[in-house]
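As the structure lists them, so they are numbered: ligands from 1, and atoms in each ligand from 1.
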Amino acid sequence: MMASKKAPHATLALPTGETIPRLGLGTWRMGEDRRRREAEVAALRLGLDLGLGLIDTAEMYGSGGAEAVVAEAIAGRRDEVFLVSKVLPDNASRQGTIAACERSLARLGTDRLDCYLLHWRGRHPLEDTIAAFEKLVGDGKILSWGVSNFDADDLDEAYTVAASFGETITCDQVLYHLKERAIEHAVMPWCEKHKVAIVAYSPLGHGTFPGPRSAGGRVLKEIAELHHATPRQVALQFLVHRPGLFAIPKASTPEHATENAGAGDFQLSDVDVERIDKAFPRSSHYRGLPVL
Ligand SMILES: NC(=O)c1ccc[n+]([C@@H]2O[C@H](COP(=O)([O-])OP(=O)(O)OC[C@H]3O[C@@H](n4cnc5c(N)ncnc54)[C@H](OP(=O)(O)O)[C@@H]3O)[C@@H](O)[C@H]2O)c1
């Protein structure tokens with residue numbers, strides 16, 4: 001049996017020069033039920049202990065409830081976390097973006113976000129949202145900004161607006177998992193060309209992970225056994241094996257956080273990658289960027 005190696009690319013350097021972990025922690029559906037709060041905080045704190053040092057949240061999640069959960073999880077350890085939140089498109093006017101960011105900072109109990117994203121494109125001109133992002137950077141309230149659910153043509157536009165400020169987009173956060181590889185058609189080549197990071201959301205399929213009896217599930221299990229790993233760890237490692245890619249699985253139990261953190265502990269071989277590629281082929285035609 002082949003010995004597993006520690007992945008050399010468990011972290012990635014951003015254009016800002018900062019090095020951050022490629023595997024982080026999602027928070028969608030957190031902060032919705034007080035009875036689950038303690039477990040959610042504990043799962044996030046354990047995830048941080050285990051090196052999942054990027055937390056992704058949004059003003060939308062639990063109508064601010066997820067940010068309140070994150071605040072509790074990062075209390076006393078803000079410097080260990082690369083913290084990302086998102087503005088809702090309806091709030092993304094020039095003044096609205098700044099006000100939304102200030103509300104998020106207050107809920108999160110911090111004075112800065114490491115990255116602030118436009119959650120998806122809405123009615124407000126990109127020029128206004130990006131002008132607000134730049135103001136927030138100037139004021140030290142955010143250290144960088146990016147977008148989410150942007151297809152290649154939207155990215156082109158945002159990139160041009162960013163360039164007019166002498167800036168660039170840090171990342172595009174998009175749907176990407178083994179059964180949904182549409183970003184490989186247009187978004188991924190665009191991001192690789194322009195050196196914009198990709199953050200894979202719903203990397204475990206948002207509850208649709210391939211079962212052990214499916215053809216693809218059997219391939220994952222065989223590869224997992226080679227690396228003393230689990231099928232989910234193999235799937236996560238497959239997503240982040242490309243340059244410039246991050247993934248933010250959401251885990252609300254200690255077991256799930258521990259398993260997901262272990263996805264950074266080994267490296268897939270070229271043969272493994274080829275087998276996964278064949279077992280979960282991307283669609284042959286591009287029908288636009290899928291979103292959740
Ligand atoms: N920008 C956007 O528009 C957008 C859209 C969707 C998601 N996101 C972000 O991406 C994050 C991740 O996506 P997601 O939450 O949609 O889905 P996901 O991470 O693909 O899947 C989460 C589901 O998988 C379960 N799970 C996690 N680890 C597991 C493990 N090791 N074994 C078994 N089950 C496991 C979770 O259960 P438990 O909760 O019980 O642990 C949860 O039900 C979100 O939380 C959010 O931060 C962004």
Side-chain angles (χ1 to χ4, degrees), residues 22-33 35-37 39-44 46-47 50 52 54-62 65-67 69-70 73 81-89 92 104 108 113 115-122 145-151 154 170-181 183 187 197-212 217 220-221 224 229-240 245-265 289-292:
R22 282 171 177 259
L23 287 167
L25 296 155
T27 63
W28 188 21
R29 309 311 307 266
M30 287 190 179
E32 293 178 358
D33 180 346
R35 288 167 300 180
R36 295 208 309 260
R37 186 177 180 119
E40 291 167 351
V41 170
L44 289 175
L46 178 63
L50 297 173
L52 300 173
L54 183 162
I55 295 185
D56 177 77
T57 190
E59 62 170 337
M60 183 187 100
Y61 302 161
E67 289 180 325
V69 169
V70 172
V81 187
F82 189 91
L83 185 58
V84 181
S85 192
K86 312 184 196 80
V87 58
L88 275 169
S104 284
L108 287 160
L113 293 171
C115 196
Y116 196 36
L117 310 184
L118 173 59
H119 209 146
W120 63 90
R121 198 168 174 179
W145 59 265
V147 294
S148 178
N149 297 304
F150 268 42
D151 208 338
D154 295 318
T170 301
C171 66
D172 189 11
Q173 188 181 117
V174 282
L175 179 64
Y176 188 43
H177 57 84
L178 287 181
K179 296 197 284 187
E180 184 45 88
R181 296 176 58 188
I183 65 160
V187 168
I198 296 174
V199 180
Y201 76 65
S202 305
L204 296 173
H206 191 70
T208 65
F209 194 77
L220 293 178
K221 187 165 176 287
T230 70
R232 280 182 177 78
Q233 290 173 334
V234 169
L236 290 172
Q237 188 54 237
F238 177 80
L239 298 185
V240 299
L245 236 137
F246 296 82
I248 45 169
K250 175 243 188 184
S252 37
T253 69
E255 294 76 21
H256 291 170
T258 305
E259 181 175 345
N260 299 346
D265 292 348
L289 183 66
V291 296
L292 257 199

Quick one about Ser104 and Glu67 (side-chain donor to acceptor, distance below 3.5 Å, no hydrogens or angles considered), yes or no?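 Their side chains do contain a donor-acceptor pair, which is all the 3.5 Å distance test asks for.
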
Would you kindly say whether Tyr201 and Asn149 are connected by a side-chain donor-acceptor distance under 3.5 Å?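 Yes, Asn149 and Tyr201 have a side-chain donor paired with an acceptor closer than 3.5 Å.
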
Residues forming a salt bridge (charged side-chain N to carboxylate O under 4.0 Å, His left out) with Arg181, sequence neighbours excluded: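 Scan of Arg181 (salt bridge (charged side-chain N to carboxylate O under 4.0 Å, His left out), adjacent residues dropped) gives Glu184, Asp277.
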
Answer whether the closest heavy-atom distance between the side chains of Phe150 and Leu118 falls below 4.5 Å.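 Yes, at least one pair of side-chain atoms sits under 4.5 Å.
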
What do you reckon, are the aromatic ring centroids of Tyr61 and His119 less than 6.0 Å apart?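 Yes, they do, as the ring centres are separated by less than 6.0 Å.
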
Protein residues near ligand 1, heavy-atom distance below 4.0 Å?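 Within the 4.0 Å shell of ligand 1, which is judged on heavy atoms, sit Gly26, Thr27, Trp28, Asp56, Tyr61, Lys86, His119, Ser148, Asn149, Gln173, Tyr201, Ser202, Pro203, Leu204, Gly205, His206, Arg232, Ile248, Pro249, Lys250, Ala251, Ser252, Thr253, His256, Glu259, Asn260.
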
Salt-bridge test for Asp56 and Lys250: reply yes if a basic N is under 4.0 Å from a carboxylate O, no otherwise.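 Looking at Asp56 and Lys250, the cut-off is not met.
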
